[in-house]
Protein chains: 2
Amino acid sequence: MKRTKSSVIPSSVVRRLTEYLAYAQTFGNENGDQWVSSREIAQALGLTSSTVRQDLSHIDFCGISKRGYHVKGLRAVLEDTLGANSVWRVAVVGAGNLGMAIAQNDEFRERGFHIIGVFDKDAAKVGRSVGPLKVQHVSAMPDFVSGEGIDIGIVAVPAAAAQGVADLLIASGVRGILNLSLSHIITPRRVQVVEARLTCSLLELSHRIKYARKENK
Amino acid sequence: MKRTKSSVIPSSVVRRLTEYLAYAQTFGNENGDQWVSSREIAQALGLTSSTVRQDLSHIDFCGISKRGYHVKGLRAVLEDTLGANSVWRVAVVGAGNLGMAIAQNDEFRERGFHIIGVFDKDAAKVGRSVGPLKVQHVSAMPDFVSGEGIDIGIVAVPAAAAQGVADLLIASGVRGILNLSLSHIITPRRVQVVEARLTCSLLELSHRIKYARKENK
DNA sequence: TAGATTGTTAATCGATTAACAATC
DNA sequence: TAGATTGTTAATCGATTAACAATC
């Protein structure tokens, strides 16, 4: 079928594409061509098959009538679309529990997010080992980010410090920020931000638990 | 003005309520009544004032013409609506980097999420200290969850194990699950799930960086 | 071939924004 | 009072779902 590769993919779709990729990756690398239908994907992820087909129409990949989508091909195109096969240079600011855990998490490296700098303003934390790295003082961050060509900054500092850290990262040339702090961060349009706040997710969950009975009947 | 307290708040609104709460909390506890307008909130969080007023119409709290919203009152009602002033009993399954970081993170306890059990299936990890707790073997989890009246399970295990762990948690009586694993989790309607996957957020960010130029002009 | 599944269009549904009377 | 800001209604916008011709 004909296909127009749309230039901009809506955020709601991009978020699901990351789930399709995770799903396609669960098939592993075994030999033998495997196929998956929009119905199967939908079932596994709690969506409708219509949504899946509509979403996949945004990427440069075609399914085949009666067979579905070739898993390996789908996975390759999703990896490309999402930048999952690129190597990204990442710095973490904030060496608290969360920052340290992220810096030590091998999963990110496996997926191309190479953490090559960890910073904190607390002198007591400076010098501590984080895998092969050592925590550096925040004052060294701007030179490091521009010198090392850091693409992504992960902000894992207290809310009150978040915007200041973000401003420094932006001034030093990062292209994207993952914000784990509780505070909303404002950036120029050229610098992308994704917010990922565990506390907010927990609050969303606690609200839903509290009112679940009313919703469900 | 008259107000109908709606029984179900849409997810999109709940997510923003958590941000309004974080914002209201930045005002601290100082004396002196402080007021904030929908315009100010909108500006701080990158929304329109219309969205803010519409969202706040879902909660049981009124602003006052020409003054705006009383910060303390707003905060109290949001805390109530979101269950942020409740105490939740939480268990973490998976004592890898991420699970351990979460279990040690004081911020959660401060916000009423009391982590009182940490589990892993790896014998080498069992017995390790996590603050005042010790990692227990997963086989002890069902009895612990039902015995201790755990409300929320946090799933921080590899994707392949996630659904199995979730099923155990559900069978043992949790009311909600925070899923940090890469795999989608299916639950009965009475058990709420919120997905919070850092890898997916990073992929969303990497896609946006990759295609930012095209979007912005 | 017949049946299953795609890609796409159109219909529905929900969320955001604009506008404005009410009012402090 | 006059002006600012609310709560709410209506309009717009976008996202999801249903339906179906195309086709492998």
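To find a chain, count down the sequence lines: A is the first, B the second, and so on, and within it residues start at 1. Everything numeric here is computed off the predicted structure, so don't read it as measured data.
Paired regions of DNA chain D, where each region holds three or more successive Watson-Crick or G-U pairs whose two hydrogen-bonding distances fall under 3.5 Å, are C:3-24 with D:3-24.
Put simply, NE2 on A:His70 is 17 Å from P on D:dC24, counting in whole angstrom units. Put simply, CD1 on A:Ile59 is 12 Å from P on C:dT8, counting in whole angstrom units. Distance CG (A:Leu74) to C1' (C:dT6): 14 Å, rounded to an integer number of Å. Across the protein-nucleic acid pair, A:Arg15 atom CZ and D:dT16 atom C1' stand 15 Å apart, rounded to whole Å. Rounded to whole Å, atom C1' of C:dT16 lies 9 Å from atom CG of B:Asp55. One can place CG of A:Leu45 at 16 Å from C1' of D:dT16, the figure rounded to the nearest angstrom. Nucleotide C:dG14 holds its P atom 17 Å from the CD1 atom of B:Ile9, rounded to whole Å. The separation between A:Leu47 atom CG and D:dA15 atom C1' is 13 Å, rounded to whole Å.
Applying the side chain to side chain donor-acceptor pair (under 3.5 Å) test to pairs two or more places apart or on separate chains, those with a residue in residues 153-172 of chain A are A:Gln163-A:Asp167. Here salt bridge (Lys or Arg N to Asp or Glu O under 4.0 Å) pairs that include residues 46-57 of chain B, with residues two or more places apart or in two chains, are B:Arg16-B:Asp55.
Defined by atom type and a distance below 3.5 Å, a donor-acceptor pair is present between the side-chain atoms of A:Asn179 and A:Glu195. Side chains of A:Glu79 and A:Gln25: a donor-acceptor N/O pair is present below 3.5 angstrom, by distance only.
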Polar-atom pairs under 3.5 Å, protein N or O versus N or O of nucleotides 9-11 of chain D: list them with distances, or write none.
none

Using atom names, set out every protein N or O paired with an N or O of nucleotides 1-5 of chain C below 3.5 Å, distance rounded to 0.1 Å.
residue: C:dT5; atom: O4'; partner: A:Lys66; partner atom: N; Å: 3.0

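Salt bridge status for A:Lys210 with B:Asp151: absent, with no side-chain N to carboxylate O gap under 4.0 Å. Using a 4.0 Å cut-off between charged side-chain N and carboxylate O, B:Glu19 and B:Arg15 make no salt bridge.
Between the side chain of B:Ser50 and the base of C:dA18 there is at least one donor-acceptor pair of N/O atoms closer than 3.5 Å.
For B:Thr48, a side-chain nitrogen or oxygen approaches OP1 or OP2 of C:dT17 to under 4.0 Å. Considering only side-chain N and O atoms, B:Thr51 lies under 4.0 angstrom from the phosphate OP1 or OP2 of C:dT17. Note on B:Arg16: a side-chain N or O is less than 4.0 Å away from OP1 or OP2 of C:dT16.
Below 30°, between 30° and 60°, or above 60°: for A:Phe27 and A:Tyr23 the angle between ring planes is above 60°, a perpendicular geometry. Classified by interplanar angle (parallel below 30°, tilted 30° to 60°, perpendicular above 60°), the ring pair B:Trp35/B:His70 is tilted.
Considering only residues two or more places apart in sequence or on other chains, A:Gln104 meets the side-chain contact (heavy atoms from CB on, under 4.5 Å) condition with A:Met100, A:Val130, B:Asn97.
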